[in-house]
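Chain identifiers are assigned alphabetically (A, B, ...) following the order of the sequence lines, protein sequences preceding nucleic acid strands; residue numbering begins at 1 within each chain. All of these numbers come straight from a predicted model, not from anything done at the bench. The figures here come from the full heavy-atom set of this structure, side chains too, leaving out hydrogens, waters and symmetry mates.
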Amino acid sequence: MAMVGSRGARIRSNVFAYANLAPYIFFVLFPFYFMVVTSFKSNAELYNLKSIPFWIQSGVVTEHYALLFQKTEFATWMKNSLLVAVVATTASVVISILAGYSLGRLRFRGASAFGTAIFITYLVPPTLLFLPLSQVVVWLGLADSIAALMLIYPTFLVPFCTWLLMGYFRTIPREVEECALVDGATRMQTLSKIVLPMAVPGIICAVLFSFTLCWNEFTYALTFISQSGHKTAVVGVTSDLIRGDIYFWGSLMAGALLASIPIVIVYVLFLDYYVSGLTAGAVKG
Amino acid sequence: MPHRPVSSAVWVDIEVFRESRYEGGEVMIHPLPDLELRLVILFSTVFTFADFNIVQVLTRGGPINTTHLFATLAYQVGLQGGNLGQGAAISLFIFPLLALVVFFQLRYVRQE
């Protein structure tokens with residue numbers, strides 16, 4: 001009945017939908033637009049109060065990017081970020097798959113208490129933890145190295161991923177696993193051959209979120225690391241391009257822009273898998 | 001505090017929505033369930049209290065310590081000032097609020 005609406009009504013409802021979205025899109029994309037514009041502007045124009053900040057009037061310059069790559073260790077920061085994010089995400093997702101499966105499926109004493117405990121750790125913010133953890137890092141002899149971050153990031157990734165995957169494993173029908181178990185598969189075989197292929201969308205989701213969290217992490221990366229060559233991109237850009245009261249705005253924006261690209265790539269790459277994983281599950285189900 | 005979803009979905013009953021459309025309503029915004037709304041408010045309040053990144057990047061607590069939050073003050077006193085115990089005490093001031101959040105969140109999760 002709702003579909004019988006006239007063409008005019010349909011257009012009107014479309015216009016309405018897009019009009020609703022427009023402020024949101026504007027709000028979300030504006031920072032990126034401003035980063036692009038600022039990073040390509042000459043300093044003379046940036047500091048000229050009479051110029052209009054929203055577009056480039058006096059020509060595009062790439063000096064901010066040059067400064068970023070020649071005068072700072074931006075390439076190293078990006079490499080560090082990538083290394084930390086990949087290692088921490090991989091470790092966390094592997095641990096979380098095992099933990100999430102046990103908590104979601106196996107019946108053992110204290111399973112629900114464990115679930116609750118994980119949920120609570122997930123709610124404790126890094127703000128409360130960075131002081132004690134910085135001491136732990138020093139004790140372990142990892143102070144001022146990216147290994148410290150690889151070790152510490154799983155402390156917030158594992159609870160998050162476990163919680164997410166626990167829910168996902170519960171949606172997989174128990175009967176499928178029971179078939180495998182009856183046919184003589186061990187628990188681990190059931191997990192790796194039956195459950196994991198069905199849980200691909202959930203795992204991709206965990207990987208995506210973990211990677212983003214690692215990449216954007218600021219508190220630990222700032223407090224554990226002081227040597228410039230060991231910083232991650234997010235911290236390096238904000239700490240080395242703000243010197244006292246001097247802000248290198250152009251290079252800051254250039255760095256922020258370049259540092260946000262890997263996240264975009266990862267999302268584009270994995271969202272395809274994510275969607276195809278979802279539809280594959282639908283056909284099987 | 002990035003990506004800490006309180007709940008994955010706020011359920012709006014699609015039938016209720018359709019019904020209002022049939023009756024000539026243009027759009028109906030379903031009120032958030034009361035509990036959920038309170039939870040979101042509590043949650044975002046506490047994580048604003050516990051924020052570190054924005055303050056650290058923009059002002060570092062300055063000028064003359066006028067823009068500190070717990071975390072940035074704890075960082076300044078505990079790590080930069082080397083007074084670890086006092087820094088830990090400052091950051092623990094978030095704890096009572098956090099305990100409240102954990103309590104309500106747990107109750108909410110149990111309800112689901």
Side-chain angles (χ1 to χ4, degrees), chain A residues 1-2 5 9 12-13 16-17 20 112 115-117 119-135 138 156-157 159-160 163-164 167 205 208-224 226 234-235 237-239 241-242 244-245 247 252 256 263, chain B residues 1-6 8 17-19 21-22 26-27 29 43 46-60 62-63 69-75 77-80 83-95 97-99 101-106 108-110 112:
Chain A
M1 176 187 162
R12 236 184 306 133
S13 99
F16 185 78
N20 264 337
S112 75
T116 310
F119 187 66
I120 291 174
T121 48
Y122 156 70
L123 286 177
V124 177
T127 313
L128 213 59
L129 296 174
F130 74 88
L131 278 172
L133 282 178
S134 71
Q135 213 164 23
V138 171
F156 61 87
L157 294 179
F160 174 78
W163 194 254
L164 195 145
C205 198
L208 272 180
F209 278 123
S210 301
F211 189 87
T212 315
L213 283 175
C214 279
W215 192 268
N216 293 337
E217 211 289 325
F218 186 81
T219 312
Y220 293 138
L222 177 79
T223 49
F224 295 166
S226 48
V234 178
V235 172
V237 167
T238 50
S239 68
L241 291 169
I242 303 174
D245 281 345
Y247 288 70
L252 260 174
I263 295 286
Chain B
M1 193 55 40
H3 293 296
R4 285 193 185 255
V6 167
S8 47
F17 189 79
R18 283 203 188 118
E19 220 165 276
R21 287 295 289 270
Y22 293 154
E26 259 298 295
V27 150
I29 294 169
F43 197 78
V46 170
F47 281 103
T48 308
F49 267 115
D51 189 48
F52 176 81
N53 308 354
I54 292 174
V55 179
Q56 189 64 27
V57 170
L58 288 182
T59 67
R60 302 188 187 184
L69 290 181
F70 292 117
T72 51
L73 189 64
Y75 173 66
V77 172
L79 282 184
Q80 292 180 322
N83 204 336
L84 210 62
Q86 206 181 337
I90 293 167
S91 68
L92 269 179
F93 266 84
I94 313 166
F95 193 76
L97 265 170
L98 193 72
V101 173
V102 169
F103 174 75
F104 282 112
Q105 285 260 336
L106 277 180
Y108 176 72
V109 169
R110 292 251 165 79
E112 292 217 315

Checklist outcome for this item: In terms of heavy-atom contacts, B:Q56 and A:L222 come closest through CG-CD2, 3.6 Å
Checklist outcome for this item: chain A shares the most heavy-atom pairs under 4.5 Å, among B:Y75, B:F70, B:F95, B:F93, with B:Y75
Checklist entry - Between A:Q135 and chain B, which part of the residue has a heavy atom less than 4.5 Å away: side chain, backbone, both or neither? => result side chain
Checklist outcome for this item: Note: vs chain B, highest number of non-hydrogen pairs under 4.5 angstrom among A:V234, A:L128, A:T116, A:L129 is A:L128
Checklist entry - At their closest point, which heavy atom of A:T238 faces which heavy atom of B:R60, and how far apart are they? => result O-NH2, 3.9 Å
Item to check | Set of ring-ring contact (aromatic ring centres under 6.0 Å, His included) partners for A:F211, sequence neighbours left out | outcome: A:W215
Item to check | Closest approach of A:F130 to B:A71 (non-hydrogen atoms, all atoms of both residues) | outcome: CZ-O, 3.7 Å
Next on the checklist: I need the minimum non-hydrogen distance between A:L131 and B:A88, along with the two atoms involved.
Outcome noted: CD1-N, 3.3 Å
Item to check | CZ (A:F119) with more than 12 external heavy atoms under 6.0 Å | outcome: yes
Item to check | B:Q80, part contacting chain A, at a heavy-atom distance under 4.5 Å | outcome: neither
Next on the checklist: Given heavy-atom pairs under 4.5 angstrom as the criterion, report whether the side chain, backbone, both or neither of B:L58 touches chain A.
Outcome noted: backbone
Checklist entry - Quick check: are there more than 12 heavy atoms from other residues, nucleotides or ligands sitting under 6.0 Å from CG of B:L92? => result yes
Checklist entry - Checking heavy atoms, do the side chain of B:L98, its backbone, both or neither come under 4.5 Å from chain A? => result side chain
Next on the checklist: Is a donor from one side chain sitting under 3.5 angstrom from an acceptor on the other, for B:N53 and A:T219?
Outcome noted: yes
Checklist outcome for this item: Nearest heavy-atom contact between B:I94 and A:T127 is CD1-CG2, 3.6 Å
